[in-house]
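Structure first, then comments.
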Number of protein chains: 2
Amino acid sequence: MIESEVNNLALLLKSISHPIRLQILCLLQTSELSVGEIRKEMQTSGANISQHLNIMRNQGIIASRKEANFVYNRIADQRVIELMKTMKQLFCSIS
Amino acid sequence: MIESEVNNLALLLKSISHPIRLQILCLLQTSELSVGEIRKEMQTSGANISQHLNIMRNQGIIASRKEANFVYNRIADQRVIELMKTMKQLFCSIS
DNA sequence: TAAGTATTTAACTATCAACTTAACTACACG
DNA sequence: CGTGTAGTTAAGTTGATAGTTAAATACTTA
């Protein structure tokens with residue numbers, strides 16, 4: 001791994017190394033969801049979720065589209081979906 | 001993923017989400033190395049490397065053995081080796 | 001045992017990350 | 001228009017993280 005790759009990968013990992021962000025990525029593995037739909041599955045404020053989504057948007061991991069007054073979110077990078085799959089297989093009992 | 005798995009995985013990812021720690025893991029992919037040998041490959045102080053190694057030891061990712069006055073380090077968890085391989089394949093041009 | 005090498009630890013400073021609250025924007029619909 | 005709902009943003013507080021320096025430990029060898 002060259003230096004820039006190490007740095008970029010560290011940034012990417014940092015942006016997913018938080019329980020709330022990991023859980024959001026799990027939820028988005030199969031389908032696009034609005035902020036409110038994500039929120040229903042988690043125990044924190046909407047502001048907090050919005051901030052965590054923003055961290056991942058800034059990293060290019062999550063893309064959003066607005067429809068009416070809902071914002072629908074999806075995983076923007078297929079490699080992150082693959083990475084999540086691998087991590088589930090390696091670190092979870094039932095993936 | 002259940003809640004405890006999400007939390008543990010977040011801790012694990014956090015402990016590798018730093019350029020220095022990622023680079024150390026790269027170096028240790030194939031062989032065990034002393035702190036000094038690791039240091040030669042990197043641009044930071046020995047104290048700093050020791051601190052980063054300690055973060056990964058506390059997480060159970062790295063195991064160390066002492067021989068004479070060298071401390072040899074290796075990746076203690078085969079799953080982390082697998083994870084590194086996957087990340088290289090996904091995010092590096094030449095893995 | 002004294003001096004040298006390898007590594008760790010402690011103390012400190014600076015920077016960053018997370019959460020809360022409240023204010024704000026955007027859109028829908030009566 | 002005004003009200004309600006969805007989501008974002010800003011400000012402030014608190015706690016965590018990173019790096020530097022210096023001191024301490026552990027071992028080796030003369």
Side-chain angles (χ1 to χ4, degrees), chain A residues 3 6-28 31-76, chain B residues 3 6-28 31-76:
Chain A
E3 194 182 334
V6 170
N7 291 336
N8 289 337
L9 185 51
L11 287 175
L12 182 133
L13 289 175
K14 211 167 71 161
S15 78
I16 72 173
S17 300
H18 187 286
I20 290 179
R21 299 199 287 273
L22 273 181
Q23 205 186 328
I24 291 174
L25 290 175
C26 281
L27 292 171
L28 297 180
S31 62
E32 181 184 67
L33 293 174
S34 71
V35 180
E37 288 168 330
I38 292 169
R39 192 193 173 174
K40 270 182 235 153
E41 307 296 324
M42 327 218 5
Q43 297 84 116
T44 187
S45 65
N48 194 15
I49 291 195
S50 186
Q51 285 160 357
H52 283 295
L53 282 168
N54 228 17
I55 289 169
M56 296 193 281
R57 283 179 197 130
N58 293 338
Q59 182 62 34
I61 288 177
I62 284 195
S64 304
R65 71 181 172 86
K66 182 154 194 176
E67 188 179 309
N69 51 0
F70 298 92
V71 172
Y72 289 97
N73 302 277
R74 65 184 179 282
I75 298 178
Chain B
E3 195 182 333
V6 169
N7 290 336
N8 289 338
L9 185 52
L11 287 174
L12 182 134
L13 289 176
K14 211 167 71 160
S15 77
I16 72 174
S17 299
H18 187 287
I20 290 179
R21 298 199 287 272
L22 271 182
Q23 206 185 328
I24 291 173
L25 289 175
C26 280
L27 292 170
L28 297 181
S31 62
E32 181 185 67
L33 293 174
S34 72
V35 179
E37 287 167 330
I38 291 169
R39 190 190 175 176
K40 270 182 234 150
E41 307 295 325
M42 326 217 7
Q43 297 84 119
T44 188
S45 65
N48 194 15
I49 291 195
S50 185
Q51 285 161 357
H52 283 296
L53 282 168
N54 226 19
I55 289 168
M56 295 194 283
R57 284 181 198 127
N58 293 337
Q59 182 62 36
I61 289 178
I62 284 195
S64 304
R65 72 181 173 89
K66 183 155 195 177
E67 188 179 312
N69 51 359
F70 298 91
V71 172
Y72 290 98
N73 303 277
R74 67 185 178 281
I75 298 179

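Every chain is numbered from 1 and lettered A, B, ... according to where its sequence line falls, protein lines coming before strand lines. Heavy atoms only: backbone and side chains are in, while hydrogens, waters and symmetry mates are out.
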- Query: Which listed nucleotide (dG7(D), dT9(D), dG19(D)) is nearest to the side chain of N54(A)?
  - Reply: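 The answer is dT9(D), which lies nearest to the side chain.
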- Given dA18(C), dT9(C), dT8(C), the nucleotide with the shortest approach to the side chain of I55(A): dA18(C)
- Query: Going by number, which of residues 60-68 of chain B have a non-hydrogen atom under 4.0 Å from DNA chain D?
  - Reply: K66(B), A68(B)
- Could you list by number each residue of residues 34-52 of chain A showing a heavy-atom separation from DNA chain D of less than 4.0 Å, or answer none if no residue does?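 DNA chain D contact set from residues 34-52 of chain A: S34(A), V35(A), G36(A), G46(A), A47(A), S50(A), Q51(A).
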Dump every N/O contact between nucleotides 14-17 of chain D and the protein below 3.5 Å, one line per pair.
residue, atom, partner, partner atom, Å
dT17(D), OP1, K14(B), NZ, 2.7

- Item | Donor-acceptor pair present, N69(B) side chain and dT5(C) base, under 3.5 Å |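 By the distance-only test, yes, there is a pair.
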- Query: Charged N to carboxylate O under 4.0 angstrom, E37(B) versus R39(B)?
  - Reply: no
Between [X] ([atom1]) and [N] ([atom2]), how many Å, whole number?
X: R57(A); N: dT8(D); atom1: CZ; atom2: C1'; result: 9 Å
X: N7(A); N: dA18(D); atom1: CG; atom2: C1'; result: 15 Å
X: F70(A); N: dC29(C); atom1: CZ; atom2: C1'; result: 13 Å
X: I20(A); N: dA17(C); atom1: CD1; atom2: P; result: 16 Å

- Message: If I compare all heavy atoms of V6(B) with all of P19(A), which pair ends up nearest, and what's the gap?
- Response: CG1-O, 3.4 Å
- Evaluation steps, side chain to side chain donor-acceptor pair (under 3.5 Å), between N73(A) and R65(A): CA-CA 7 Å; N73(A) 302 277; R65(A) 71 181 172 86; over 6 Å; no
